[in-house]
Amino acid sequence: MTDIPDESEPTLYLIPTPIGNLEDITLRAMRILQSVDALACEDTRHTRKIYERHALTSPPIIFPCHAHNEDRAVGRILSLLRDGKSVGLTSDAGAPGVSDPGQRAAAAAIEAGYQVVSLPGASAVITALTVSGLPIPAFTFLGFLPRRPGRQRKLFLAFAEAPSALVFFESPFRVGKILAIAHEVLGDRPAAVCIELTKKFENIHRGPLSDLSEQFSDQKIKGEVTIVIGPPIREDSTKGETS
């Protein structure tokens with residue numbers, strides 16, 4: 001049994017933010033955003049929109065924590081924790097540390113013996129999986145795929161026999177190419193291309209990889225894209241058996 005976090009102790013809070021619709025934030029996240037002594041943000045401008053949308057009171061200390069300053073930002077977070085302060089950490093959308101900055105800060109705080117609390121919240125991965133309508137006996141999250149086609153093929157090949165769905169983020173400029181490679185390596189599995197999840201122009205395209213790769217071969221896309229590819233199609237092993 002895990003103890004309830006002691007909010008009087010210096011704590012690093014990993015706070016997920018909405019992936020699009022600013023209403024997709026929990027009451028607890030809004031409370032913590034107002035109660036922390038300091039807040040580290042992947043982009044302070046993005047996080048300030050949440051404070052403005054929900055009329056929240058911002059903490060006295062707000063500073064950036066992104067891929068280009070993470071070492072310095074982690075040092076500052078640890079310094080604040082040593083001073084007995086609570087620190088919140090947000091990325092631009094979804095959970096910190098999941099294809100976004102945050103993992104190094106969490107690992108450093110854990111190693112230093114500080115309390116780390118992760119809040120539940122919006123997730124493009126889970127949203128895409130559920131809206132895909134595909135069977136999800138299990139799933140493998142691949143994050144952002146490598147840029148080079150050869151490495152993409154190797155990655156798909158490594159999971160070709162895994163009995164799980166695949167879910168990953170992709171640039172809107174490479175959707176057609178990555179679907180064609182997936183079709184080549186994985187076969188004609190069912191898939192879903194999820195564009196701008198939870199936003200005004202959310203658009204979900206479902207179908208076999210052959211159709212989707214052709215559809216997006218020359219289609220221009222705007223916005224963020226999450227792709228779900230169904231698990232391998234297995235023939236019924238009992239087919240042809242008699243009772």
Side-chain angles (χ1 to χ4, degrees), residues 16 19-20 42-43 46 66-71 91-104 107 122-199 201-235:
I19 60 175
E42 182 179 7
D43 187 330
H46 179 92
H66 48 69
H68 303 294
N69 80 333
E70 200 164 4
D71 285 340
S91 55
D92 285 353
V98 181
S99 293
D100 276 324
Q103 183 274 330
R104 290 169 64 182
S123 165
V125 174
I126 300 302
T127 303
L129 287 167
T130 54
V131 80
S132 72
L134 297 172
I136 311 292
F139 71 89
T140 300
F141 174 55
L142 302 178
F144 287 98
L145 299 191
R147 290 180 176 271
R148 296 182 181 179
R151 292 184 178 180
Q152 294 167 356
R153 288 186 177 88
K154 287 182 180 179
L155 184 62
F156 283 137
L157 189 60
F159 292 98
E161 299 301 320
S164 63
L166 304 177
V167 56
F168 54 92
F169 303 142
E170 189 49 83
S171 161
F173 307 107
R174 295 196 300 265
V175 170
K177 292 179 180 178
I178 200 66
L179 290 172
I181 291 172
H183 180 214
E184 172 191 331
V185 176
L186 302 174
D188 206 12
R189 298 190 193 182
V193 178
C194 307
I195 304 169
E196 291 287 83
L197 286 169
T198 79
K199 299 178 183 178
F201 297 106
E202 175 179 296
N203 202 347
I204 314 298
H205 299 262
R206 305 175 181 88
L209 282 171
S210 56
D211 290 352
L212 290 172
S213 61
E214 182 177 352
Q215 177 184 343
F216 286 97
S217 62
D218 58 358
Q219 182 172 329
K220 293 183 179 180
I221 303 173
K222 291 183 179 180
E224 298 182 353
V225 181
T226 305
I227 296 175
V228 181
I229 299 176
I233 300 172
R234 307 292 188 191
E235 292 186 8

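Predicted model, so just to flag it, every value in this text is computed and none were measured. Any value given below was found using the heavy atoms of this structure, including those in side chains, with hydrogens, waters and symmetry copies removed.
Within the 3.5 Å criterion, the main-chain N or O of A124 finds no donor-acceptor partner in the side chain of T127. Looking at E202, its side chain does come within 3.5 Å of a backbone N or O of T198 through a donor-acceptor pair. In this structure, N203 contributes its side chain and I195 its backbone to no donor-acceptor pair below 3.5 Å. Using a distance-only test at 3.5 Å, with no hydrogens or angles considered, no donor-acceptor pair links the side chain of R151 to the main chain of L145. At least one donor-acceptor pair under 3.5 Å links the side chain of D92 to the backbone N or O of D43. No donor-acceptor pair under 3.5 Å is formed between the side chain of E42 and the backbone N or O of H66. Side-chain N or O atoms of E170 include none that pairs as donor or acceptor with a backbone N or O of T226 at under 3.5 Å.
Here the CG atom belonging to L212 is positioned 6.0 Å from the CG atom belonging to L179, to the nearest 0.5 angstrom. Between atom CG of residue L197 and atom CD1 of residue I204 there is a gap of 5.0 Å, rounded to the nearest 0.5 Å. Atom OG of S213 is separated from atom CD of E184 by 10.5 Å, given to the nearest 0.5 angstrom. Taking NZ of K199 as the start and CD of E224 as the end, the distance is 4.0 Å to the nearest 0.5 Å. Note that CZ of F216 is 8.0 Å distant from CD1 of I227, once rounded to the nearest 0.5 Å. For the atom pair CD (E214) and CG (L209), the distance works out to 13.0 Å, reported to the nearest 0.5 Å.
When all heavy atoms are compared, the tightest approach of H183 to S210 is CE1-CB, 3.6 Å. L186 and A160 get closest at one heavy-atom pair: CD2-CA, 3.8 Å. V225 and I221 get closest at one heavy-atom pair: CG2-CG2, 4.1 Å. Residue P137 comes nearest to P231 through the heavy atom pair CD-CG, 4.0 Å, listed as atom of the first residue, atom of the second, then distance. What you find for G230 and L134 is that their closest heavy atoms are N-CD1, 3.7 Å. Closest heavy-atom contact between P163 and P232: CA-CD, 4.1 Å.
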Audit row: V131, R206, side chain to side chain contact (heavy atoms under 4.5 Å, CB included) steps and yes/no:
CA-CA 10 Å; V131 80; R206 305 175 181 88; 3.7 Å; yes
Walk me through it: do S164 and F159 pass the test side chain to side chain contact (heavy atoms under 4.5 Å, CB included)?
CA-CA 9 Å; S164 63; F159 292 98; 5.7 Å; no
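Side-chain atoms of L129 and F141, non-hydrogen and from C-beta on, never get closer than 4.5 Å to each other.
When ring centroids are compared, F139 and F168 stay outside the 6.0 Å threshold.
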